[in-house]
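Read the structure below first, then the notes.
Both backbone and side-chain heavy atoms feed into the values below; hydrogens, waters and symmetry mates do not. Order of the sequence lines fixes the chain letters, A, B, ..., with proteins taken first and strands second; residue numbering starts at 1 for each chain.
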Amino acid sequence: MGIKGLTKLLNDEAPGCIKEAELSSYTGRKVAIDASMALYQFIIAIRSGSEGFAAQVLTNEQGEITSHIQGIFNRTIRMLTNGIKPVYVFDGKPPTLKSGELAKRMARRQEAQSKLEAAESVEDKEKYGKRLTRVTRKHSEDAMKLLRLMGVPVVQAPCEAEAQCAELARAGKVWATGTEDMDALCFRTPKLLRRLTFGAANKQPVMEVDYQKAIDGLGLTYEQFVDLCILCGCDYTDTIKGIGPKTALKLVRTHGSIANVVRSLDKKKYQVPAGWIKGSNPAPSAKPDEATEGEDGLEGEGASNKENSEKNESAPPESDEKKKAEDAEKADDA
DNA sequence: CCTCTCCCAGGAGACGGG
DNA sequence: GCCCGTCC
DNA sequence: ACATCCTGGGAGAG
């Protein structure tokens, strides 16, 4: 996940938008965290007996996974100990992941699936079974229950958790989004905190990115920033060979939008992937520029301007906005 | 100057006793 | 502070 | 996904 070379680009072109600090300097801050992402990592990472034979997840007497409970518990305790107030945000409707990454995951998953069925040895079955790991509804419910018992606020996002985290931050309900994924900036979270899980005892400090300083430093609008990220290469689209972060920035600055950039490119020199941005498509879809505006009610999903032909995700209705706000109020009590 | 490719090292959750 | 064993 | 897999940094060519 992430935007290729974005961290370096920001360091080079928007100096000051990234800074590092001790965990202790965030005492008292409320931070929104994508719960599903955390759960997935815990389920993958927390295993016992990795040195011996069977690398197994932690389970209860019924054989159900409990790694995620252990992980969420420890991490939450750690943050609370440091005076940081987490707000866990759970995914709602599965996001319309873009064709690229989604297809890739699907392919990998199906490959594992078929290999699992073909597997004869116990080892193989175990091996391929692991590749099918995913966060289930039950895992999420377990975590929600735990968090509620701990008095930690939980938010149910209408769609993508990352987008919701950014909205909470924009609304001032939390101070920042805690994530390892720079994609969060594309949802306009005012502050992004990386390596928040590493404590004082650990090596790297917390990394803090200021969204406003970032786009100001780059000299771009929000829409242009999203376009830049797409050009740099994100999870959802292929990149154009020969165009890296520096060139992408220059192009967006010069032409103003990704549609204009693509239009102006020498197609003989640069291979634009099939089915790319509308500007590359002979059939113009309405007004390209408007597709990137947030006026349709879609939160964040700026990157969705490339999928305007697909079923547009039903926009998060106002009621969801209120619901999340209410939930976040509880954060104040914690 | 910028990008691409290749290679390789390191990390992949957190705690706590020794 | 590091090294590992442990967490279920 | 720990008998693997992914990422980031550096070298070197185009």
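Rounded to a whole angstrom, the distance from the P atom of C:dG1 to that of D:dC5 is 35 Å. Atom C1' of C:dT6 sits at a distance of 28 Å from the matching atom of B:dA9, rounded to the whole Å. Rounded to whole Å, the separation between the P atoms of B:dG10 and C:dC2 comes to 15 Å. Taking atom P on both nucleotides, B:dG13 is separated from D:dT7 by 14 Å, rounded to a whole Å. As rounded to the nearest Å, B:dG17 and C:dC8 have P atoms that lie 15 Å from one another.
No side-chain heavy atom of A:Ile65 sits under 4.5 Å from any side-chain heavy atom of A:Lys138. Here the side chains of A:Phe90 and A:Leu39 are in contact, with some heavy-atom distance below 4.5 Å. Side-chain contact between A:Met207 and A:Thr7 is present, with at least one heavy-atom pair separated by less than 4.5 Å.
Comparing B:dG13, D:dG8, D:dC2 by their closest approach to the side chain of A:Arg194 singles out D:dG8.
We find that CZ of A:Phe42 is positioned 13 Å from C1' of B:dC15, with the value rounded to whole Å. When the P atom of D:dC5 is taken as reference, atom CZ of A:Arg47 falls 13 Å away, rounded to whole Å. In this structure, A:Tyr40 places its OH atom 15 Å from C1' of B:dG13, rounding to the nearest Å. Following rounding to the nearest Å, A:Leu196 (CG) and B:dA14 (C1') show an atom-to-atom distance of 15 Å. Atom pair A:Arg78:CZ and B:dG16:P shows a separation of 10 Å (rounding to whole Å applied). Protein atom CZ of A:Arg195 is 18 Å distant from nucleotide atom C1' of B:dA14, rounded to whole Å. Put simply, CG on A:Asn74 is 17 Å from P on C:dT6, counting in whole angstrom units. For A:Ile69 and B:dG13, the CD1 to C1' distance is 15 Å, given to the nearest whole Å.
Here A:Gln271 pairs with nothing under the side-chain contact (heavy atoms from CB on, under 4.5 Å) rule; sequence neighbours left out.
No option in A:Val31, A:Val174, A:Ile72, A:Thr76 other than A:Thr76 meets the side-chain contact (heavy atoms from CB on, under 4.5 Å) test with A:Pro86.
Remark on DNA chain B: of its neighbouring residues A:Ile46 and A:Ala248, the 5'-side contact belongs to A:Ala248, judged by nearest-heavy-atom nucleotide.
Less than 4.0 Å separates DNA chain B from at least one heavy atom of each of the following residues of residues 239-247 of chain A: A:Ile240, A:Lys241, A:Gly242, A:Ile243, A:Gly244, A:Pro245, A:Lys246, A:Thr247.
Taking the six-membered ring where the residue is Trp, A:Phe225 and A:Tyr211 present perpendicular rings, their angle passing 60° and hence far from 30°.
Between A:Lys173 and A:Glu167, no side-chain nitrogen of the basic residue sits less than 4.0 Å from a carboxylate oxygen of the acidic one, so the salt-bridge criterion is not met.
The phosphate of B:dA14 has OP1 or OP2 within less than 4.0 Å of a side-chain N or O from A:Arg75.
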